[in-house]
Amino acid sequence: MPARVSLRDIAAQARVSHTTVSLSLRNDPRILPGTRKKIARIAATLGYQRNAILGDLMGYLRTLKTQPTRSTLGFITAWPTRDGWRQAANHRRFFAGAQARARELGYALDEFWLREKSMTPARMTGILRARGIKGLVLHSLPESNGRLDLHWEHFACVTKGLTVAVPAMHRVVSSHYDDMQLVLGKLKQKGYQRLGLVLGQAHDVRVGRAWLASYCLHENEIAPRTRIPALLYPKPDPALFARWLQEHQPEVILCADQLVPQWLAELGPAIRRKVGLVHLDWSPEYAPLAGIDSDSEVLGTAAIDLLVGQLHAHEYGIPRREKVVEVMGRWVPGAIFPERILRETGKGFARASRAGA
């Protein structure tokens, strides 16, 4: 059996110290990129194989030596206000899930707001590095095709959803396409045929148009007489919604925001008795309404698992290939007709919708 190649063997050929080799093979940003590439090439040529058990042990010992307290991960937000993201129930649930999972794995999860007064990418990078933070969860942004700027070579990162377009980081997302198929299947089992999708254009883009794609496939496969074109509104327009409702007369409306329930409620009980409603972005605030729960806590757990995996593998910076982890939602049975909700619970429909926005 050939002798195992050691770090000192690689160091001798690269003409550097074995400490430099160790740091380089862990992608430590303190080692220049050119040196890292050279050492990686020599290690591959010599047939070096990392001892995973020993590596994990040494990493743990280094943590005990340099960080006597719990390690910290960063939760990065960039909404117009510090707490703007907290207005959405499923954002709060995501953070709770991530925080709980981080705690289970021995980490704290601290929030950092990129829009602090006088904040710059360089300054935020310095703050994070001074705190010894190497792992970041990048929260989703209020608008799609967003950009976040930091000195990424120092960090391992995972982002939530599809709104952060630059940089192209590993991400966790809800399985919107499959979730829509689940909803459509459940409604079909209940005997509903005429189903209508009402969605804001901005929301449609936020989910990568996956809800719409799944809905259009369903519409293409059913009888023409039961097909209803999706209503994608560019801006809130209750009159447009009322005309669409009158023209197509769906049995059940699929929606994902607080506006559609409000518009439906304003049309009066005669309409509510005829039209059902299912929420595609359900959270407990919408109960007893039926819908699809994206399990945002599980999404937060998945984000931390993906991030900690990078940290253990010493993978920092913008990845060569983006990994996407999808989390399936679950059907939440409940009332479909708003009039029954009002009669059985006395709960104001618009008020319930605003609470879950």
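Values below: all heavy atoms of this structure, side chains included; hydrogens, waters and symmetry mates excluded. Model, not experiment: these values are computed from the prediction.
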Close side-chain approach of [X] and [Y], heavy atoms under 4.5 Å:
X	Y	value
T77	F95	no
W282	I292	no
Y286	V332	no
L138	K160	no
T20	I39	yes
V173	L162	yes
H154	K134	no
L280	W211	yes

Check: [X] side chain, [Y] main-chain N or O, donor-acceptor pair, under 3.5 Å:
X	Y	result
T163	S144	no
Y215	L195	yes
D178	S175	no
D257	L259	yes
S296	L299	no
R171	G161	yes
R147	P167	no
W331	D293	no
T45	R41	yes
R93	E297	no

From D149, L148, L150, residue fulfilling side chain to side chain contact (heavy atoms under 4.5 Å, CB included) relative to M124 =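 Looking at D149, L148, L150, the match for M124 under the side chain to side chain contact (heavy atoms under 4.5 Å, CB included) is L150.
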Do the charged groups of [X] and [Y] touch, with an N to O distance under 4.0 Å?
X	Y	value
E251	R194	no
D281	R206	no
D110	R131	yes

Going only through I, L, V, M, F, W and Y residues with side-chain contacts under 4.5 Å, is there a path from [X] to [Y]?
X	Y	value
V164	V158	no
L307	L114	no
Y177	V205	no
L136	L105	no
I222	V183	no

Donor + acceptor pair across side chains of E143, W79 (<3.5 Å) |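 Checked: E143/W79 side chains show no N/O donor-acceptor pair below 3.5 Å.
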No-hydrogen, no-angle side-chain donor-acceptor test under 3.5 Å, T226 and Q193 |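 No, no side-chain donor-acceptor pair sits under 3.5 Å.
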Run the numbers on W113 and F75 for ring-ring contact (aromatic ring centres under 6.0 Å, His included), then give the verdict.
-> CA-CA 8 Å; W113 185 39; F75 186 80; over 10 Å; no
Does the salt bridge (Lys or Arg N to Asp or Glu O under 4.0 Å) test come out yes or no for R92 and E285, once each step is laid out?
-> CA-CA 12 Å; R92 299 193 299 271; E285 287 84 353; 3.4 Å; yes
CG on L212 to CD on E219, rounded to 0.5 Å =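 If I round to the nearest 0.5 Å, the distance is 10.5 Å.
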Check against side-chain contact (heavy atoms from CB on, under 4.5 Å), I127 and R123 | CA-CA 6 Å; I127 291 172; R123 184 183 174 199; 4.2 Å; yes
Please lay out, stage by stage, how K235 and D237 fare under the test salt bridge (Lys or Arg N to Asp or Glu O under 4.0 Å).
-> CA-CA 6 Å; K235 59 182 180 180; D237 191 339; over 6 Å; no
Dump the intermediate steps for side chain to side chain donor-acceptor pair (under 3.5 Å) on W85 and E111, then the final yes or no.
-> CA-CA 12 Å; W85 63 273; E111 182 186 349; 3.2 Å; yes
Tell me, with the steps shown, if V137 and I304 meet side-chain contact (heavy atoms from CB on, under 4.5 Å).
-> CA-CA 8 Å; V137 177; I304 296 299; 3.9 Å; yes
